[in-house]
Amino acid sequence: MAHEGTIAYIEDIARHEGERVVIRGWLHARRSSGRIHFLTIRDGSGFIQAVMSKAAVDEPSFLRADHLTQETALIVSGTVRADGRAPGGFELDVAALEVVGESADYPITPKEHGVDYLMDRRHLWIRSERQSAVLRVRAEVVSAVRAFFDDRGFVLADAPIFTPAACEGTTTLFPVRYFDDATAYLTQSGQLYNEANAMALGRVYCFGPTFRAEKSKTRRHLSEFWMVEPEVAYATLDDIVELAEDLVVSVVARVLERRQPELRRLERDTSKLELVRKPFPRITYDEAVAILNGKGQRFEWGGDFGAPDETLLASAFERPVAVTHYPSAVKAFYMEPAPGRPEVALCVDVLAPEGYGEIIGGSQRIADYDLLVRRIQEHGLPPEAFQWYLDLRRYGSVPHGGFGMGIERVVAWICGLDHLREAIPYPRTLNRLYP
Ligand code: 4AD
Ligand code: MG
């Protein structure tokens, strides 16, 4: 049967009210009463109910529709009708239907499946309403991040994935054989190269996949995750905290503005996200320790916060909270010590509310050559691999700083997900490398 009408995407359907359109997609679900088939069709941009009544189509089409299976690829055409009860506000009155690709025994049915079962079929699971909504929010987050930096004069300058040494501690490195006899490591962070780029270009950012051999199974850790990292020449800790705050506010606002249908599908309580405005509360590590002890969590000064500590701390505030001045001993080698108090670092972690924990980690960097040499030694890092990095302190060293924001942490928080594995199309964790 021939299709009449304009090819349309479901997300644009409101623009076609009353018109005849062609939708190319897949059958998500079907129910039938004797004289009408209700077909839920998805095309990647959204879901719509297509109503096929016996009276409106020829007999073979109507009979065919009665046997359509889940995920059959099909093209339907018909007239767009406003319907207040429909989730997207519109339905399609079907005039013609054509099957493009069969789908027998689709493994993900409307019944409950376990997470491992679904993760083994992640390549199909992403077709579901919920998972596709998350991935659309993720795309919006990424685009909001890029727009934020591009609009402010930051230059995108990428960092390599194969690196000669650690950036964030030697315990989570992934070694790779590099040609015949060298070992490379997958990057843990583009920061060190970003610092060089900032000395060349002023304000820069890199944005790409980063890798950590996280040997623990937690809801917050992936072994491959995406991080955006700005770096700014002449920036101090205060500048960095303000930049982090502006970025988070801008990303959340843009998702709220453009992804309401997805947030509704995820049943996200958006009133919590509406609260994400400037200024964020700023506390020092010392104050954070006092808050924890005040809430009955016995916490000793000097340690790093665990996930339960971060959750408890963040629960004292409705907005993301910036925690500064952690003990240098629990942080990376490159962090600038606080003036007059070298046991703490000029660093910041931004903790998201609602138990999502650290979304941003950053600092001012050590500008002094001798101190940086000492730190590289103390951390047992190979000095020869850091000579180029030390050049930045040999030739016109200036105060500077930056941070990294983990995209999956932000997506999990904005979407209200229980686990980071749903915030990326194909998660990589301690025990998952498939599909
Ligand atoms: O705090 P981190 O380790 O900081 C750095 O890598 C700095 N070199 C960044 C910089 O200053 N340029 O990581 C930054 C962020 C964390 O706040 C978190 O959001 C995310 O990266 N992150 C992870 N996300 C998922 N899985 C993991 N294993 C992560 N480790 C860090
Ligand atoms: Mg961190």
Side-chain angles (χ1 to χ4, degrees), residues 138 141 145 149 154 157-159 163 165-174 186-198 204-232 235 237 239-241 243-244 247-248 251 285 304-307 309-310 314 320-324 326-327 330-336 345-352 356-366 389 400-414 417 419-424 427-430 432:
R138 177 188 171 98
V141 166
V145 161
F149 288 114
F154 282 68
D158 291 310
T163 59
C167 175
E168 294 296 319
T170 49
T171 57
T172 61
L173 283 174
F174 273 115
L186 298 182
T187 183
Q188 298 169 307
S189 159
Q191 180 195 320
L192 307 186
Y193 298 93
N194 238 0
E195 289 182 51
N197 292 343
V204 298
Y205 71 104
C206 64
F207 196 170
T210 43
F211 305 86
R212 308 253 172 117
E214 302 278 2
K215 296 233 178 58
S216 55
K217 286 195 260 178
T218 81
R219 300 184 295 132
R220 292 180 182 178
H221 291 92
L222 296 169
S223 46
E224 176 179 323
F225 63 98
W226 283 67
M227 178 155 61
V228 61
E229 299 178 84
E231 191 74 26
V232 181
L237 176 62
D239 299 328
I240 290 310
V241 177
L243 185 66
L247 173 64
V248 172
V251 167
Y285 173 90
D304 201 359
F305 299 131
D309 305 314
E310 289 183 350
V321 53
V323 184
T324 62
Y326 283 68
V330 299
K331 290 290 183 188
F333 75 96
Y334 50 70
M335 291 190 180
E336 181 83 337
L346 294 180
C347 66
V348 60
D349 276 10
V350 176
L351 312 181
Y356 285 93
E358 180 194 332
I359 51 173
I360 285 178
S363 77
Q364 205 175 307
R365 323 302 189 189
I366 292 175
Y389 184 62
H400 64 286
F403 61 80
M405 181 171 88
I407 294 301
E408 292 75 18
R409 297 261 180 105
V410 172
V411 170
W413 164 46
I414 292 181
L417 309 178
H419 201 296
L420 245 54
R421 65 188 162 215
E422 289 182 40
I424 185 167
R428 296 290 172 250
T429 57
L430 182 57
R432 180 159 300 279

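Along the sequence shown, residues carry numbers from 1. All ligand and atom numbering here is 1-based and tracks the order in the structure.
Regarding atom 31 (C) of ligand 1, its nearest protein heavy-atom neighbour is Phe225 CZ, 3.5 Å. Met227 SD, 3.4 Å is the protein heavy atom nearest to atom 14 (C) of ligand 1. Among all protein heavy atoms, the one lying closest to atom 1 (O) of ligand 1 is Glu358 OE2, 3.0 Å. Arg409 NH1, 3.5 Å is the protein heavy atom nearest to atom 18 (C) of ligand 1. Closest to atom 19 (O) of ligand 1 among all protein heavy atoms lies Ile359 O, 2.9 Å. The protein non-hydrogen atom at the shortest distance from atom 12 (N) of ligand 1 is Glu229 OE1, 2.7 Å. Scanning the protein heavy atoms around atom 6 (O) of ligand 1, the nearest turns out to be Arg212 NH2, 2.9 Å.
Looking at Tyr334 next to ligand 1, an N or O pair under 3.5 Å apart turns up. For Leu222, a nitrogen or oxygen atom sits less than 3.5 Å from a nitrogen or oxygen atom of ligand 1, counting backbone and side chain alike. Checking only distances, His221 never comes within under 3.5 Å of ligand 1, N or O to N or O.
Distances from atom 4 (O) of ligand 1 to the heavy atoms of Ser189, Gly361, Cys206, Ala159 show the closest one on Gly361.
For Lys215, there are no side-chain contact (heavy atoms from CB on, under 4.5 Å) partners two or more places apart in sequence or in a different chain. Residues meeting the side-chain contact (heavy atoms from CB on, under 4.5 Å) test with Ser223, sequence neighbours left out: Phe174, Arg428. For Glu336, the side-chain contact (heavy atoms from CB on, under 4.5 Å) partners at least two apart in sequence or on another chain are Leu346, Gln364, Ile366.
The closest approach between Glu231 and ligand 1 stays at or above 4.0 Å for every heavy atom of the residue. Not close to ligand 1: Gln364, with no non-hydrogen atom less than 4.0 angstrom away. For the pair Glu408 and ligand 1, no heavy-atom separation below 4.0 Å is found.
For the side-chain contact (heavy atoms from CB on, under 4.5 Å) test with Val232, the passing option among Val204, Leu243, Asp239 is Leu243; the others fail.
Here the protein contributes Glu358 OE2 as N, O or S atoms under 2.8 Å from the Mg ion (ligand 2).
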